[in-house]
2 protein chains.
Amino acid sequence: MPDVKHFDPDAVLDQVVRLFWRRGADTTGIAEIVETTGLSRSSLYATFGGKTRLQAAALGRYLERQSRPVFDALAADTRGLPAITAFFERLVAARCSGEHARWGCLVTNTHATAGGALPEIREHLDRHHDALRAAMRTALQAARAEGGLRPGLDLEAAAEALTLQAYAVNLRSRAGAEAAELLAAVRAVLDGFTTTEER
Amino acid sequence: MPDVKHFDPDAVLDQVVRLFWRRGADTTGIAEIVETTGLSRSSLYATFGGKTRLQAAALGRYLERQSRPVFDALAADTRGLPAITAFFERLVAARCSGEHARWGCLVTNTHATAGGALPEIREHLDRHHDALRAAMRTALQAARAEGGLRPGLDLEAAAEALTLQAYAVNLRSRAGAEAAELLAAVRAVLDGFTTTEER
DNA sequence: CCTATCTTGGACCGGTCGTTCCAAGTTAGG
DNA sequence: CCTAACTTGGAACGACCGGTCCAAGATAGG
């Protein structure tokens, strides 16, 4: 019997993700969300229930739509080291140029901001971290299978190290770091993990 | 002839640094600063001139009092690799335990937040980055002098990579990352830069 | 002691924050 | 067509934002 929503909540959430991503969740007011999405405050609160909840939802959406596909591609890429290199090259490119240049990464940015907030937000951060590290480890295992890795390398620690490098790339790119500089740093770390001097 | 300040601006700025560091500059209101410092709004604005200026001043103070001494110690430590290891061990310890546990780093946190703000703030970020990278390079040079480094290692890129690792340690520690995990990652990167399997 | 100069407390400003609420509108089963 | 169930626009809320202002107080050279 009841009336039905006059908008697509999924599409709206995508808009909110972009807004929080670019401008920062804390520094984005409800007014701006209303303006951008075209929704009224009523619909916004009825659908997402408050700003903190909305922030958590946006973070989850970002993880699913932005991060996950890239992580999955990394894990599925069986080439070994070239897969990891490709991951970072695309990461740096996405962070320094194109549509989302200098936006950083919503998850990375949230690390520095969200003080307490919902536990759900903190869990999203951890899930993101675990997912990226797992993908890195899978790619490293593939590299090891082809004998491309330095013997004695701790795969788990190496995966964590590469994950941290990715976070730092996200961070520094938002402050205007140059792509070449970031790539050189990544390459230095990767070279340290390999046996031969391949690129 | 005139009256004289009834407080010590330096001590007040230190209090503000701690406040911004722990709670985040954007999410800390003037009211809370007034409450913490005991100053009145008048004195605050007469001395520091507005919140944005205060934030820039706090960032500069943090750089001088917190970062610089550690960077200088790193650059002055001629032991080579052990100097870098010690730097990271102390960093992780400071980020995960003690008085400032889980506060992260004010400079790192600012990367993710400060959208535009004062150009002065952006400059502080770059100065911090350059200072840490320079200290890292100096330490790496010392390590190379003793033959502890893998031949062909790009010192500049390696210094940048270690700097990025430090940023990521700051970031992740704020979200509750475990010290052992962070240390293992750092060690993996460092091992990749060395020739022998020393620690 | 006087006075010019600065500091201080705290009231006050308009604006914005996130949130709530309700009358009017829309929907679809009966 | 009626009506119960839901959505929607938009007014309104109290709280807080960063910032300003001024009367009263403090200071020290004259």
Side-chain angles (χ1 to χ4, degrees), chain A residues 1-13 15-59 106 109-110 113-121, chain B residues 1-13 15-59 106 109-110 113-121:
Chain A
M1 309 169 173
D3 193 1
V4 116
K5 284 194 201 305
H6 301 180
F7 62 95
D8 177 6
D10 272 1
V12 166
L13 190 52
Q15 290 182 285
V16 174
V17 165
R18 291 177 57 85
L19 209 49
F20 283 171
W21 185 5
R22 177 167 53 91
R23 305 236 312 98
D26 292 333
T27 49
T28 302
I30 299 287
E32 196 166 352
I33 299 175
V34 166
E35 195 178 339
T36 300
T37 61
L39 262 63
S40 71
R41 290 169 124 84
S42 317
S43 310
L44 210 58
Y45 277 83
T47 308
F48 302 103
K51 191 184 176 183
T52 316
R53 303 283 301 274
L54 181 56
Q55 192 183 347
L59 199 58
L106 180 58
N109 297 341
T110 305
T113 54
L118 287 184
E120 188 184 343
I121 291 182
Chain B
M1 312 165 174
D3 193 359
V4 118
K5 283 192 202 305
H6 300 180
F7 61 96
D8 177 6
D10 272 1
V12 166
L13 190 52
Q15 289 183 283
V16 174
V17 165
R18 291 176 58 88
L19 208 50
F20 283 170
W21 186 4
R22 177 168 52 90
R23 304 237 309 100
D26 293 334
T27 49
T28 302
I30 299 287
E32 196 167 351
I33 299 175
V34 166
E35 197 178 338
T36 300
T37 62
L39 262 63
S40 69
R41 288 170 123 83
S42 318
S43 311
L44 210 58
Y45 277 83
T47 308
F48 301 104
K51 192 185 177 183
T52 315
R53 302 283 302 273
L54 179 57
Q55 192 183 345
L59 199 58
L106 180 57
N109 296 342
T110 306
T113 55
L118 286 184
E120 188 183 344
I121 291 183

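Predicted model, so just to flag it, every value in this text is computed and none were measured. Letters go in sequence order (proteins before strands), and every chain restarts at 1.
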- Message: Pick the closest DNA chain D nucleotide for B/Y45 and for B/V4 by heavy atoms, then say which residue is nearer the 5' end.
- Response: B/Y45
- Note on the structure: Taking every heavy atom of A/V17 against every heavy atom of A/A58, the minimum-distance pair comes out as CG2-O, 3.4 Å
- How long is the gap from CG on B/L39 to OH on B/Y45, to the nearest 0.5 Å? 12.5 Å
- Considering only heavy atoms, which members of residues 5-12 of chain B lie under 4.0 Å from some atom of DNA chain C? B/K5, B/H6, B/F7
- Specify the separation, in whole Å, of atom CZ of A/R23 and atom P of C/dT16. 13 Å
- So, is A/S43 close to the D/dT7 phosphate, meaning a side-chain N or O under 4.0 Å from OP1 or OP2? no
- Can any side-chain N or O of B/K51 pair as donor or acceptor with the backbone N or O of B/G29 at less than 3.5 Å? no
- Of the residues in residues 27-41 of chain B, which ones touch DNA chain C at a heavy-atom distance under 4.0 Å? B/S40, B/R41
- Quickly work out the A/L44 CG to C/dG18 P distance and round it to whole Å. 11 Å
- Under 3.5 Å donor-acceptor, B/T47 side chain and B/L44 backbone: no
Are there any protein N/O atoms within less than 3.5 Å of an N/O atom in nucleotides 22-25 of chain D, and if so, which ones and at what distance?
{"from": "D/dG25", "atom 1": "N2", "to": "B/D3", "atom 2": "OD2", "distance (Å)": "3.2"}

- Message: Please give me the minimum heavy-atom distance between B/R41 and B/A31, naming the atom from each residue.
- Response: NH1-CA, 4.2 Å
- Task: Could you grab the distance from atom OG of B/S43 to atom CZ of B/F48, nearest 0.5 Å is fine?
- Result: 10.0 Å
- Can you tell me if CD on B/E32 sees more than 12 non-hydrogen neighbours from other groups inside 6.0 Å? yes
- Message: For a quick test of reading the model, state the closest non-hydrogen atom pair linking B/D3 to B/H6 and the distance between them.
- Response: OD2-NE2, 3.2 Å
- Note on the structure: Correct closest heavy-atom pair for A/I121 and A/T52 would be CD1-O, 4.4 Å
- Length of the CG-P vector between B/L54 and D/dG18, whole Å: 11 Å
- Task: Check A/F7 against A/V12 and note the closest heavy-atom contact, atom names and distance.
- Result: CD1-CG2, 3.7 Å
- Query: Can you tell me how far the CH2 atom of A/W21 sits from the CG atom of A/L59, to the nearest 0.5 Å?
  - Reply: 12.5 Å
- Can you check the B/F48 CZ to C/dT7 P distance for me, whole Å? 12 Å
- Message: Nearest whole Å is fine: how far is C/dT19 P from A/Q55 CD?
- Response: 11 Å
